[in-house]
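Taking it in order: structure first as structure tokens, then the write-up.
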Amino acid sequence: MNLKNLFIVFFLGAGLCVAQEEVIKPVDSLQKKHIQIVDSIKVQAISNDLPKTVVATKIKDTAVFALEDMAMARKHDSIWLQKLYSLELFEEVYGAVSNQDYTPVDYEELPTELLKERLEALNARTPFNVEYNPSLESVIKGYLKNRRRSMADLMALSDYYFPMFEQELDKHGLPLEMKYLAIVESALNPRATSRVGATGLWQFMYATGKMFNLDVSSYVDDRSDPVLATEAACKYLKSLYESLEDWDLALAAYNSGPGNVSKAIRRSGGRTNYWNIRSYLPRETAGYVPAFLATMYIFEYAEEHGFKSNGPRIPYIATDTIQVKKRISLEQVAEVADIDLEELQFLNPSYKLGIIPVVASEKYMLRLPVDVVGKFITNEEAIYAYAETEFNKKEQPLPELLVESDRIRYRVRSGDYLGKIASRHGVTVSQIKRWNGLRSNNLKIGQRLTIHPRKVVSKKPKPEPIADENTRVYTVKNGDSLWSISQKFPGVSIQNIKNWNDISGTKLKPGTKLKILKG
């Protein structure tokens, strides 16, 4: 029977038990119904030379699956999710830490004496060394003056993630304030990937993630799973503290590795206070702990600085997980359960292709709002049957589930260069250089390279932009990021550069030509 002619499913009450064989609902038991949706948006209009807020509305017809058992009406606000879940916020935080400027910042709303009092109170109730110093004052005031909007966005995201973090931190006996580390690491974006390949809320490198059982395959990246990655981060931080016996040093080691911290201690003459060894640490790590402490201060004194949270859009406690029994895509779940796809991706960020696979030795979970869980379980077999039918319609076969190899040895051939090799294996030039200790881009025929391959996505080359009276062309240099480039052009944002050049990710290849529109 054609899927367009679907029957209505009637759900059994949660308390009703049926003593008979389970009836498997066929794919055509899912019925669609046609409804009208009213979209509305507030816009600014000019009336009598004065701005006035008006509401523009539009009515449109749509079809949704008629799954009953709806516990509550839910509003869809995908714009909010897309804004908080974009990589622009990560690029801003990542760029600010890497390029931290400690020049004094004029911010009259926070006098130095008041800041000293608050830092002293914060120091008394946390195991971190939160002592006043001019560098920390500069970072705190810089955040309050120049990054209020991004800090507010991070607070909105923290409403969802912090209860999860606190639960795991408490279980492992770690300071609850360690939750602020995920803000500095990833701007609370579970799909954030740094220029060196660290991924997830807690920015695990591939090899470090493997040490803590975070697997990566063509479908799934456990480093982007909030629960699994948080548990791994707790274990790693605990091991670092047991080795260094200082939380500030454990933070520094988490960023640059315990080896760099040990070298900094030796070069400083045996000092073990972070502020005394900071000048001997890598530049990014030197700005790392001040960024952490500044973030902690602003969150702990959010109300005093005028930050208010309206509570989480989706409370973590109001979600639950289901073990998936058959292959299904997030798009299919969103369609049959009438849930916003962006919301579903937010709850399930570890599925790289938006598909939840089924593997004999693995357990893959689907996280849903609690009011959707009952509907899914009640109609589970019919939903799986629908998913299978949709998969069978596809012309191209789905990629096989291939676990990424820990490493391979590649022999350089005639005509090879780092960019070509990196593209072939789905990695970056900087990663190959780091894995092999290369200081330049020069290669020799027959040279052996260690590579940790990733999924390769072939793309057609884009035409290079042409400069004209309205356009400038910028050539990407080594070390450039979207954030650092945006700082070179007043009024230009990361999203502007992405839109002008049709960029979806954050990785930039040196030599790439970028179009920058003149203001």
Side-chain angles (χ1 to χ4, degrees), residues 81 84-85 87 90 157-169 171-172 174 178-179 181-183 185-194 197-238 254 312 314-325 327-331 333-334 339 341-359 361-370 372-373 376 401-404 406 452 454-455:
L81 282 170
L84 294 185
Y85 206 39
L87 287 173
F90 168 67
L157 276 170
S158 73
D159 287 330
Y160 175 78
Y161 285 113
F162 276 7
M164 177 199 309
F165 295 165
E166 290 169 347
Q167 176 179 300
E168 202 64 33
L169 290 165
K171 188 173 90 173
H172 287 84
L174 302 181
M178 195 65 78
K179 62 191 177 186
L181 179 61
I183 292 178
E185 284 286 346
S186 66
L188 297 180
N189 188 330
R191 287 182 177 168
T193 301
S194 74
T199 300
L201 287 166
W202 300 94
Q203 290 289 282
F204 277 99
M205 294 296 293
Y206 181 88
T208 311
K210 292 288 286 185
M211 287 172 54
F212 292 94
N213 300 317
L214 297 178
D215 293 325
V216 181
S217 74
S218 55
Y219 278 107
V220 185
D221 191 338
D222 285 345
R223 296 174 299 173
S224 292
D225 184 298
V227 176
L228 296 178
T230 300
E231 181 180 13
C234 289
K235 292 177 180 178
Y236 188 28
L237 285 164
K238 191 171 185 178
Y254 190 92
I314 313 168
Y316 175 69
I317 198 172
T319 66
D320 203 353
T321 55
I322 300 169
Q323 183 176 339
V324 173
K325 299 176 182 176
R327 185 183 61 180
I328 194 168
S329 74
L330 296 181
E331 188 175 358
V333 175
I339 180 174
L341 179 59
E342 285 83 6
E343 186 173 303
L344 199 58
Q345 291 169 335
F346 177 89
L347 295 175
N348 300 274
S350 62
Y351 298 112
K352 295 157 67 174
L353 304 180
I355 297 172
I356 307 177
V358 173
V359 184
S361 59
E362 301 289 345
K363 292 182 179 179
Y364 292 121
M365 312 301 289
L366 171 66
R367 184 170 293 276
L368 295 168
V370 289
V372 179
V373 171
F376 188 96
L401 181 70
L402 298 173
V403 176
E404 294 183 7
D406 190 5
H452 299 272
R454 297 172 67 103
K455 183 177 181 294

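- Of all the heavy atoms in M365 and N348, the pair that sits closest is O-OD1, 4.0 Å.
- Looking at heavy atoms from C-beta onward, L368 lies in side-chain contact with L344 at the 4.5 angstrom threshold.
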* Asked: side-chain contact (heavy atoms from CB on, under 4.5 Å) between W202 and T208: does it pass, once the steps are laid out?
  -> CA-CA 11 Å; W202 300 94; T208 311; over 6 Å; no
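- In terms of heavy atoms, S224 sits closest to P190 at OG-O, 2.8 Å.
- At a threshold of 4.5 Å between non-hydrogen side-chain atoms, the residues V359 and Y364 count as touching.
- Note: F162 and F165 have tilted aromatic rings, judged against thresholds of 30 and 60 degrees for the angle between ring planes.
- Nearest heavy atoms, S350 versus D225: CB-N, 3.7 Å.
- Side-chain atoms of Q203 come within 3.5 Å of backbone atoms of A192 as a donor-acceptor pair (strictly under, hydrogens ignored).
- Expressed to the nearest 0.5 Å, how far CG of L214 lies from CE of M205 amounts to 13.5 Å.
- If you take NZ on K210 and CG on D222, they are separated by 9.0 Å, rounding to the nearest 0.5 Å.
- S329 contributes atom OG, which lies 11.0 Å from atom CG of L353 (distance to the nearest 0.5 angstrom).
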* CA sep, side-chain torsions, deciding dist, call: K235, K238, side-chain contact (heavy atoms from CB on, under 4.5 Å) -> CA-CA 5 Å; K235 292 177 180 178; K238 191 171 185 178; 5.8 Å; no
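- Summarising the local packing, CD of E331 is surrounded by 12 or fewer heavy atoms from other residues, nucleotides or ligands at distances under 6.0 Å.
- Across all non-hydrogen atoms, the minimal contact from L366 to L330 is CD1-CD2, 4.0 Å.
- Rounding to the nearest 0.5 angstrom, the gap separating the OH atom in Y316 from the CD atom in E166 is 12.0 Å.
- The two atoms that bring E362 and D215 nearest to each other are OE2-OD2, 4.4 Å, heavy atoms only.
- The CG atom of D221 sits 11.5 Å away from the CZ atom of F204 when rounded to the nearest 0.5 Å.
- Although no hydrogens or angles enter the test, the distance criterion places no donor-acceptor pair under 3.5 Å between the side chain of R223 and the main chain of V216.
- The distance from atom OH of Y219 to atom CZ of R327, rounded to the nearest 0.5 Å, is 6.0 Å.
- The shortest side-chain heavy-atom distance between P163 and I317 does not fall under the 4.5 Å cut-off.
- Nearest heavy atom pair, residue L237 against residue L174, reads CB-CD1, 4.3 Å.
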* Please lay out, stage by stage, how D320 and R367 fare under the test salt bridge (charged side-chain N to carboxylate O under 4.0 Å, His left out). => CA-CA 6 Å; D320 203 353; R367 184 170 293 276; 5.8 Å; no
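- F346 and Y161 have tilted rings, their planes meeting at an angle from 30° to 60° on a 0 to 90° scale.
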* To do: Just do the side-chain contact (heavy atoms from CB on, under 4.5 Å) check on L341 and V333 with the steps written out, would you?
  => CA-CA 8 Å; L341 179 59; V333 175; over 6 Å; no
